[in-house]
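What you see is a predicted model, and the numbers here were worked out from it, not measured in a lab.
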Amino acid sequence: MSALRERSALSQLAPGERLLAYGTVVPAKSAKSAKGGVGGAVANRLVNTIGAQSAGAGSIAAGLPRTSGALLLRVTDQRVGLVQPLDGTPVWEIPRDWVVRVERRPRTQLMARFRLHCADGSWLAFLTMRRRTVEQFGSLIGG
């Protein structure tokens with residue numbers, strides 16, 4: 001990863017907090033396909049709504065704000081969260097023990113897909129270009 005992304009992943013950590021892993025991800029509910037036409041629109045709708053999250057009102061996953069574009073998912077010894085890749089501004093963060101496992105999902109086109117499962121049963125889906133990113137998160141969080 002680039003020095004800029006690493007610096008962003010390291011930004012705003014609490015004193016003594018250790019960065020364990022980070023990777024570029026796109027929340028599935030904000031992902032856009034390169035395909036056009038009716039087929040592409042239907043596929044985008046299915047991936048971005050039905051398969052993007054399981055989050056009832058007040059659930060952990062429901063706290064993820066609407067985003068667009070790529071973000072950095074970082075895992076520290078204290079929390080899991082999304083930050084902006086250029087400046088490290090936090091977008092969404094939760095205590096690490098609120099995430100119970102990472103589930104690798106079937107690939108969609110070129111990107112690897114995975115879910116972060118939360119302690120309350122809710123989950124969020126993400127896309128990443130690197131399968132190793134999913135494997136790394138799974139080894140740290142549980143998979």
The single option from V134, V26, L82 passing side chain to side chain contact (heavy atoms under 4.5 Å, CB included) against F126
L82
If you take all heavy atoms of G69 and P27, which pair is closest and at what distance?
O-CD, 4.0 Å
Here the gap from Q78 atom CD to I94 atom CD1, rounded to the nearest 0.5 Å, amounts to 14.0 Å
Salt bridge (Lys or Arg N to Asp or Glu O under 4.0 Å) partners for R18, two or more places apart
D77
When you group the ILVMFWY residues by side-chain heavy-atom contacts below 4.5 Å and let the links chain together, are M129 and L127 in the same group?
yes
What heavy-atom pair brings S122 and A61 nearest, and what distance separates the two atoms?
OG-N, 3.2 Å
Flag side-chain contact, heavy atom, 4.5 Å: W123 against C118
no
Closest approach of V100 to A119 (non-hydrogen atoms, all atoms of both residues):
CG1-CA, 3.8 Å
Test side chain to side chain contact (heavy atoms under 4.5 Å, CB included) applied to A21 - qualifying residues, sequence neighbours left out:
Q136, F137, L140
Are L19 and L72 co-members of a hydrophobic cluster defined by side-chain heavy atoms under 4.5 Å apart?
yes
Can you name the residues that form a side-chain hydrogen bond (donor to acceptor under 3.5 Å, both in side chains) with E103, not counting sequence neighbours?
R105, H117
In sequence, state the C-alpha distance, the side-chain angles, and the governing distance for V102 and L116, and then conclude on side-chain contact (heavy atoms from CB on, under 4.5 Å).
CA-CA 5 Å; V102 173; L116 279 183; 3.7 Å; yes
Quick one: are R104 and R131 in side-chain contact, heavy atoms under 4.5 Å?
yes
Donor-acceptor check, side chain of D120 to backbone of S59, threshold 3.5 angstrom: yes or no?
no
Would you please name every residue forming a side-chain hydrogen bond (donor to acceptor under 3.5 Å, both in side chains) with E93, sequence neighbours left out?
R74, R79
Contacts of type salt bridge (Lys or Arg N to Asp or Glu O under 4.0 Å), residue D87, not counting sequence neighbours:
none
Kindly indicate whether the side chain of R5, heavy atoms from C-beta on, has any atom under 4.5 Å from the side chain of T24.
yes
Judged by atom type as modelled, is there a donor-acceptor pair below 3.5 Å linking the side chain of S8 to the main-chain atoms of L4?
yes
Going by heavy atoms in the side chains, are L73 and F114 under 4.5 Å from each other?
yes
Scanning both residues in full, the closest heavy-atom pair of Y22 with S2 reads OH-O, 4.2 Å
Those residues that, when tested against T76, pass side-chain hydrogen bond (donor to acceptor under 3.5 Å, both in side chains) (two or more places apart)
E17
